[in-house]
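Quantities reported herein were computed from a predicted structural model and do not represent experimental measurements.
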Amino acid sequence: MTSGYLPSPVGAGDLVAELASIATASGANAGLWPGLTVYRFTAPAGPTWEEIQSLCLCIVAQGRKSVTVGGETFLYDPFHYLVLASHLHFQAEVLEASIGRPFLSFVLQIDPALVRQVSGDMLERRTTVFRTRDAEAQPAPSACISALDQDLLGVVLRFLRAVKTDADRRVLAPLYLQELVYRVLQREQYARLLSLAAAEAASNPVSAVLEYVRAHLSEPMTVADMADLVSLSPSAFAHLFRDVTGRSPYQFVKEMRLDRARELLVDGNFTVARISKEVGYASVSHFISEFRGRFGVTPRAYYDAHALHRELDTQRAEDTREGITLG
């Protein structure tokens with residue numbers, strides 16, 4: 001029988017074990033580290049209203065949860081994590097939990113001073129180059145969902161293990177926390193960069209190229225091709241691109257292709273072979289290998305998991321309608 005749960009990324013089983021060892025009681029378990037709360041539920045719960053004061057990282061290791069901010073609902077699970085901006089009032093609901101597979105998650109509120117320190121090092125150059133009034137006028141999102149990858153999962157595990165012993169808590173935990181903030185901001189900054197690309201295109205050649213690449217992901221594209229679009233030499237463009245994004249053009253475009261592939265898999269309209277072509281991979285096996293490297297599962301497993309959730313959501317909706325009719 002199918003369990004109804006998404007297959008977890010590689011290493012997520014270790015995260016489940018860590019959180020289970022910390023959250024020995026049902027509900028919220030706090031006190032191990034300032035701003036860290038680990039949750040355990042053995043049945044669906046909520047909705048409840050909650051509030052945070054600083055940047056907040058929310059990761060589900062087992063089960064599924066929804067958060068509603070400003071009328072928009074975000075669903076996240078072991079495939080994804082949620083980032084919330086500072087000073088938010090939101091509604092939270094645990095959607096999937098049982099005695100056999102309890103809901104396990106943690107919420108980490110991060111000191112704004114640490115966020116400023118890390119983001120200052122990351123963004124010093126890119127915020128002084130090509131900043132426009134239109135770009136500054138664009139508000140940053142108050143919440144966003146991102147795919148949970150192996151880099152972030154690894155530093156989360158190191159941090160949680162470090163806070164459990166006195167010496168590691170003093171020496172190692174602050175270092176791991178800084179790395180954790182860096183990796184979160186790095187990923188979310190890329191999302192913001194793309195969302196601002198249209199506003200910056202007139203004065204920022206990198207953003208102009210990103211807009212073009214996003215519209216032509218199925219086509220082969222080299223660094224020289226991208227440099228030609230903005231009349232720069234390949235070496236000058238590659239240097240500028242890394243200055244602005246923190247990534248090489250090749251790495252950034254690869255992540256764009258794989259993120260788009262993930263969206264197409266969730267839509268469920270194309271085969272894996274078709275999707276690999278849609279996002280510019282000539283080899284299906286190469287596409288499968290790189291997708292698994294980024295998201296921890298094969299494209300087929302990712303598709304099957306989301307197809308199952310679509311069926312469960314449809315069934316829940318039908319059960320609700322039947323209950324209303326019978327009532």
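- Applying the side chain to side chain contact (heavy atoms under 4.5 Å, CB included) criterion to Asn269, with sequence neighbours excluded, gives Asp267.
- In terms of the side-chain hydrogen bond (donor to acceptor under 3.5 Å, both in side chains) criterion, residue partners of His286 (sequence neighbours excluded) are, by chain and number, Glu290.
- Take Arg300 and apply the side-chain hydrogen bond (donor to acceptor under 3.5 Å, both in side chains) test, not counting sequence neighbours, and it matches Asp304.
- A salt bridge links Glu179 to Arg158: one of the charged nitrogens lies within less than 4.0 Å of a carboxylate oxygen.
- Legend: ring-ring contact (aromatic ring centres under 6.0 Å, His included) pairs involving residues 151-170, not counting sequence neighbours, sorted by first then second residue: Trp33-Phe159.
- Listed by first and then second residue, the salt bridge (Lys or Arg N to Asp or Glu O under 4.0 Å) pairs that reach into residues 48-63 come to none, sequence neighbours excluded.
- The backbone N or O of Tyr212 lies less than 3.5 Å from a partner atom in the side chain of His216, making a donor-acceptor pair.
- Listed by first and then second residue, the ring-ring contact (aromatic ring centres under 6.0 Å, His included) pairs involving residues 36-63 are Trp49-His89 (not counting sequence neighbours).
- Ring-plane geometry between Phe241 and Phe252 is classed as perpendicular, the angle between the planes exceeding 60 degrees on a 0 to 90 degree scale with a lower cut at 30.
- Applying the side-chain hydrogen bond (donor to acceptor under 3.5 Å, both in side chains) criterion to Gln251, with sequence neighbours excluded, gives Glu255.
- Panel note: side chain Arg64, backbone Asp77; no donor-acceptor pair is recorded below 3.5 Å.
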Please list, one pair per line, the donor and acceptor atoms closer than 3.5 Å that link side chains of residues 68-75 to other protein atoms, with sequence neighbours excluded.
| unit_1 | atom_1 | unit_2 | atom_2 | d |
| --- | --- | --- | --- | --- |
| Thr68 | OG1 | Thr73 | OG1 | 3.0 |

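- Between Asp259 and Arg294, at least one side-chain N (NZ, or NE/NH1/NH2) sits under 4.0 Å from a carboxylate O, which counts as a salt bridge.
- Contacts classified as side-chain hydrogen bond (donor to acceptor under 3.5 Å, both in side chains) and involving residues 16-32 (residues at least two apart or in different chains) are given here: Glu18-Arg161, Glu18-Lys164, Ser21-Lys164.
- Among residues at least two apart or in separate chains, there is no salt bridge (Lys or Arg N to Asp or Glu O under 4.0 Å) pair with a member in residues 28-45.
- Residues meeting the side chain to side chain contact (heavy atoms under 4.5 Å, CB included) test with Ala273, sequence neighbours left out: Thr271, Val284.
- Residues in residues 221-237 take part in these side-chain hydrogen bond (donor to acceptor under 3.5 Å, both in side chains) pairs, two or more places apart or across chains: Thr222-Asp225, Ser233-Ser235.
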